Amino acid sequence: MPPSQSQTNSSFFQPPAFLMIGIPGLEAFHSWISIPFSSMYTVALTGNCLILLAIRRTPSLHQPMYYFLSMLALSDVGLTMSTLPTTLAVLWFDQRLIGFNACLVQMFFLHSFSVVESSVLLAMAFDRFVAISNPLRYATVLTNSVIIRIGLAIVARATISLFPGPFLLKRLNFCPNKIVLSHSFCFHADVMKCACADITVNILYGLYVVLSTVGVDSLLIVLSYTLILHTVMGLASPKERVRALNTCVSHILAVLVFYIPVIGVSMIHRFGRHLPHIVHALVAYVYLVVPPVLNPVIYSVKSKPIREAMLRVLRDKRQS
């Protein structure tokens, strides 16, 4: 005899909240661990906001390369703000509960800004390819309208790719005794493991999103630099080759800073289930916190125009 509707509803469970863990095994030291985390969040927000102000206030930086750098800084600010509230709440105040719906919202924005960052890095690779392979047409290819369309396409791609995620999780039946997350924020792979239902669809969806965004972007970035190297090797003067490659150093470092942790997180979630929880937590923090911290440092050190513009903004603030 089939179960009644009330019986079916009563067997369906979604937790009112999840319990977040900061750094497993080091809970007693969370107050001390909060100091480097607070410092990194401060550096990330200050550095990226400085880049945005510097580009906005410096007319000579109103060029495609720096517009894309602004997009990268914006995505870094978004990525930082996605994890900052819950991470510092856990480390500072031991506030470990996050509501179910709030968790899904955080998960959506966290993964969306990751996809945006990956897409912006791809756009920056295309910018470098056009600048080096066809410098005379650079300004006509990457016009302001083209850059705006690229920006809108990046946001639309991230939104469309990640929009189904929360709804695919809301349909799952969760276990009352499985509400502990491995991090101080909501990761898709982490949340779906709390379900007491078949998560095959969620696994396939997560794999599709990773391959169709970060996977495709990384391959296209490699292709871009293959073509760039082919163009550079065709230059007659060694000095011109070095000058052309120097314009790519900052972007290459930003790509490595972003994609190496992404690969680490993906590999650990797929194949590292036997590893200690602290390894999962630390790799996830490196993936989400380190790129927003290092990108402003990389561009301020390697790009003289950005460094000078940032110093001018700081001087103006001090004088005012």
Side-chain angles (χ1 to χ4, degrees), residues 13-24 30 33-34 37-38 40-42 44-45 48 74-120 154-172 174-175 178-195 199 202-203 205-206 209-210 213-214 258 261-262 265-266 268-269 277 280-293:
F13 176 77
Q14 281 184 348
F18 289 108
L19 185 67
M20 299 177 294
I21 295 179
I23 299 180
H30 275 179
I33 294 170
S34 69
F37 271 89
S38 301
M40 286 190 290
Y41 279 129
T42 302
L45 291 175
N48 285 292
L74 276 172
S75 65
D76 279 337
V77 169
L79 198 58
T80 301
M81 292 305 297
S82 297
T83 60
L84 183 149
T86 53
T87 299
L88 293 186
V90 169
L91 296 178
W92 280 354
F93 309 112
D94 201 33
Q95 296 293 324
R96 302 189 179 195
L97 288 177
I98 181 171
F100 182 79
N101 289 325
C103 180
L104 298 185
V105 170
Q106 183 188 46
M107 183 198 75
F108 171 79
F109 281 107
L110 186 155
H111 290 298
S112 293
F113 281 115
S114 293
V115 171
V116 167
E117 180 139 351
S118 177
S119 303
V120 170
I154 287 171
V155 173
R157 180 198 194 198
T159 304
I160 293 169
S161 297
L162 276 304
F163 188 74
F167 297 100
L168 289 175
L169 288 171
K170 280 185 75 72
R171 70 184 179 86
L172 296 177
F174 286 80
C175 301
K178 288 174 67 177
I179 61 167
V180 180
L181 302 179
S182 304
H183 312 291
S184 59
F185 43 80
C186 294
F187 240 23
H188 178 262
D190 207 15
V191 175
M192 72 178 181
K193 287 177 183 175
C194 296
I199 58 172
N202 300 76
I203 292 172
Y205 163 74
V209 170
V210 170
T213 55
V214 176
F258 178 77
V262 165
V265 167
S266 299
I268 281 180
H269 272 291
H277 289 304
H280 288 255
L282 291 177
V283 172
Y285 284 122
V286 169
Y287 158 53
L288 293 170
V289 178
V290 170
V293 171

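For clarity, every value in this text was computed on a predicted model and none was experimentally measured.
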Problem set entry | Ala281 to Ser182 - nearest heavy-atom pair and separation | CB-O, 4.1 Å

With a 3.5 Å cut-off and sequence neighbours excluded, list the donor-acceptor pairs that the side chains of residues 101-108 form with protein atoms.
from   : atom 1 : to     : atom 2 : distance (Å)
Asn101 : OD1    : Lys170 : NZ     : 3.0
Gln106 : OE1    : Cys186 : N      : 2.9
Gln106 : NE2    : Ser82  : O      : 2.8
Gln106 : NE2    : Thr86  : OG1    : 2.8

Exercise. For the residue pair Pro292 and Leu79, what are the closest heavy atoms and their distance?
Worked result: CG-CD2, 4.2 Å

For this session: Check whether any side-chain heavy atom of Ile21 sits under 4.5 Å from a side-chain heavy atom of Leu181, and report yes or no.
Result: no

Problem set entry | Minimal non-hydrogen separation, Ala195 against Leu172, with atom names | CB-CD1, 3.8 Å

Problem set entry | From Leu74 atom CG to Glu117 atom CD, the distance as rounded to the nearest 0.5 Å | 11.0 Å

For this session: Under the ring pair (Phe, Tyr, Trp, His ring centres under 6.0 Å) rule, collect the residues that match up with Phe113, sequence neighbours excluded.
Result: none

For this session: Could you pull out all residues at least two apart from Phe93 that satisfy ring pair (Phe, Tyr, Trp, His ring centres under 6.0 Å)?
Result: none

Exercise. Is any side-chain heavy atom of Ser118 closer than 4.5 Å to a side-chain heavy atom of Phe258?
Worked result: yes

Seminar exercise, completed: For Val209, the side chain to side chain contact (heavy atoms under 4.5 Å, CB included) test, sequence neighbours excluded, returns Leu162, Tyr205, Thr213

Problem set entry | With sequence neighbours excluded, residues passing side chain to side chain contact (heavy atoms under 4.5 Å, CB included) with Ser119 | Val115, Ile154, Arg157, Asp217

Exercise. Mind checking whether Cys194 and Ile179 have side chains closer than 4.5 Å, heavy atoms only?
Worked result: no

Exercise. At their closest point, which heavy atom of Leu169 faces which heavy atom of Phe100, and how far apart are they?
Worked result: O-CZ, 4.4 Å

Exercise. Sequence neighbours excluded, which residues qualify as ring pair (Phe, Tyr, Trp, His ring centres under 6.0 Å) partners of Phe185?
Worked result: His183, Phe187, Tyr285

